[in-house]
Amino acid sequence: MSVPLYQAKAEMFRTLGHPVRIRVLELLQDGPKPVRDLLAEIDVEASNLSQQLAVLRRAGIVTSFRDGALVMYALSTTDVADLLAAGRRILGAVLTDRDGLLVELRAQGKRR
């Protein structure tokens, strides 16, 4: 018996519901990156990043491949970047009373 669509969607959003995972996805919007570059940009232990990448990979949100000695990660589909952009737009609409976050959100949107 298959899972109802709403349940599958909820599981996808739960998968996205971690700050390290969101940061990884933001970094991968510019193209595939090796683990070492992700580690340099995200202030977490290597083991924590590895766990979060495994969660994203199991969910099919990112893919991994080898490039020589490097393990590279990439978004599995450009739709992930579209989802992140939609999240920025939604936050922009609801963060009108949180000036600092709104400024940061708008600056991030200009970089994309």
Side-chain angles (χ1 to χ4, degrees):
M1 182 170 203
S2 66
V3 173
L5 181 57
Y6 64 86
Q7 190 172 341
K9 287 178 184 179
E11 184 58 36
M12 181 192 65
F13 281 108
R14 272 192 295 277
T15 298
L16 297 176
H18 192 284
V20 171
R21 293 181 210 146
I22 292 295
R23 186 66 184 127
V24 165
L25 297 176
E26 290 173 344
L27 293 169
L28 294 178
Q29 289 180 99
D30 298 327
K33 292 200 178 352
V35 173
R36 68 174 185 211
D37 289 3
L38 295 172
L39 265 174
E41 293 287 332
I42 305 172
D43 187 28
V44 296
E45 296 291 324
S47 61
N48 187 331
L49 179 60
S50 178
Q51 286 178 327
Q52 303 311 325
L53 287 167
V55 169
L56 291 169
R57 199 175 53 247
R58 279 192 305 272
I61 296 171
V62 300
T63 60
S64 64
F65 59 94
R66 286 207 169 270
D67 184 8
L70 299 175
V71 177
M72 305 288 290
Y73 282 85
L75 298 179
S76 62
T77 172
T78 57
D79 291 333
V80 175
D82 295 340
L83 180 61
L84 293 172
R88 284 191 298 273
R89 287 191 305 274
I90 292 166
L91 278 174
V94 299
L95 288 179
T96 56
D97 61 339
R98 297 166 117 180
D99 293 335
L101 284 175
L102 188 57
V103 168
E104 184 179 342
L105 183 68
R106 287 184 176 145
Q108 187 182 58
K110 289 178 183 177
R111 290 189 297 246
R112 298 277 167 233

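Throughout, residue positions are numbered sequentially from 1 according to the sequence presented. These values consider heavy atoms only, across backbone and side chains, with no hydrogens, waters or symmetry-generated copies.
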Exercise: identify the closest heavy-atom pair between Ala8 and Val3: N-CG1, 3.9 Å
Indicate every side-chain donor-acceptor pair of residues 46-53 with a distance under 3.5 Å to a residue at least two apart or in another chain.
from: Asn48; atom 1: OD1; to: Gln52; atom 2: NE2; distance (Å): 3.3
from: Gln52; atom 1: OE1; to: Arg21; atom 2: NE; distance (Å): 2.6
from: Gln52; atom 1: OE1; to: Arg21; atom 2: NH2; distance (Å): 3.0

Quick check for you: to the nearest 0.5 Å, what is the distance between Leu84 atom CG and Leu75 atom CG? 7.5 Å
Apart from Ile90 itself, its cluster of hydrophobic side chains linked below 4.5 Å comprises none
Is there a side-chain contact between Leu83 and Leu16 in this structure, where contact means two heavy atoms from C-beta onward sitting under 4.5 Å apart? yes
Just so I know, are the side chains of Thr77 and Asp82 near enough to count as touching, which here means a heavy-atom distance under 4.5 Å? no
Summary of side-chain hydrogen bond (donor to acceptor under 3.5 Å, both in side chains) pairs that have at least one residue in residues 57-66, sequence neighbours excluded: Arg57-Tyr73
Mind checking who shares a hydrophobic cluster with Met72, ILVMFWY linked at side-chain heavy-atom distances under 4.5 Å? Phe65, Leu70
Quiz: residues 32-45 side-chain donor-acceptor pairs under 3.5 angstrom, not counting sequence neighbours:
from: Lys33; atom 1: NZ; to: Leu27; atom 2: O; distance (Å): 3.4

What distance separates Ile22 CD1 from Leu56 CG, expressed to the nearest 0.5 Å? 8.5 Å
What residues form a side-chain contact (heavy atoms from CB on, under 4.5 Å) with Pro4, not counting sequence neighbours? Tyr6, Gln7
Counterpart residues, salt bridge (Lys or Arg N to Asp or Glu O under 4.0 Å), relative to Arg14 (two or more places apart): Glu11
